[in-house]
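Written out below as structure tokens is the structure these notes cover.
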Amino acid sequence: ALSAEAGTDSDRLRHAFQLVLCREPDRFEQATLLELLAEERRELSASPANARSMLSAGIAPLQANDVVEAAAWMSVARALLNLSETFLRE
């Protein structure tokens with residue numbers, strides 16, 4: 001699981017790219033998604049209730065010790081899963 005992946009945010013993001021797209025992110029993708037992660041952390045830290053709400057949605061709510069961190073990474077994962085490359089094959 002991504003949450004269990006050790007290392008830096010960059011390491012975890014590269015791991016997520018490999019899981020979803022079977023490739024490494026380019027510099028632009030890496031920078032953009034790391035900025036998204038930082039922004040989500042800032043916003044969710046200011047409103048932990050929003051983080052808890054994100055984690056409780058769906059048929060299998062996510063349990064996490066650090067709800068802000070888990071919700072921030074959920075936003076990054078959602079961005080990856082919504083890339084046209086993820087679901088569009090040439």
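Note that the coordinates shown come from a computational prediction; the quantities given were computed from them, not determined experimentally.
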Worksheet item: Within a strict 4.5 Å, meaning less than it, do heavy atoms of the Asp11 and His15 side chains meet?
Response: no
Worksheet item: From Phe28 CZ over to Leu33 CG, what is the distance, rounded to the nearest 0.5 angstrom?
Response: 9.0 Å
Worksheet entry | Straight-line distance of Met54 CE to Arg78 CZ, nearest 0.5 Å | 5.0 Å
Worksheet item: Are any of the side-chain heavy atoms of Arg12 and Trp73 separated by less than 4.5 Å?
Response: yes
Discussion item. Under 4.0 Å between a side-chain nitrogen and a carboxylate oxygen: does that hold for Arg41 and Asp9?
Written reply: yes
Worksheet entry | Asn65 atom CG, over 12 foreign heavy atoms within 6.0 Å | no
Item to complete: May I ask you to decide if Ala49's main-chain N or O and Ser53's side chain share a donor-acceptor pair within less than 3.5 Å?
Response: no
Worksheet entry | Gap between atom CG of Leu37 and atom OG1 of Thr32 - 0.5 Å precision | 12.5 Å
Worksheet item: Are any non-hydrogen side-chain atoms of Leu34 and Ser10 less than 4.5 angstrom apart?
Response: yes
Worksheet item: Is there side-chain contact between Ser75 and Glu39, with at least one heavy-atom pair below 4.5 Å?
Response: no
Fill in: Sub-4.5 Å side-chain heavy-atom contact between Val76 and Glu40
no
Discussion item. Give me the atom names and distance for the closest heavy-atom approach of Ala79 to Leu36.
Written reply: CB-CD2, 3.9 Å
Worksheet item: Got a donor-acceptor contact below 3.5 angstrom from the Thr86 side chain to the Leu80 backbone?
Response: yes
Item to complete: State plainly whether the residues Glu85 and Arg23 are in salt-bridge range, i.e. N to O under 4.0 Å.
Response: yes
Discussion item. I need the minimum non-hydrogen distance between Ala71 and Leu44, along with the two atoms involved.
Written reply: CB-CD1, 3.6 Å
Fill in: Pair Arg14 + Glu29, salt bridge at N-O below 4.0 Å
no
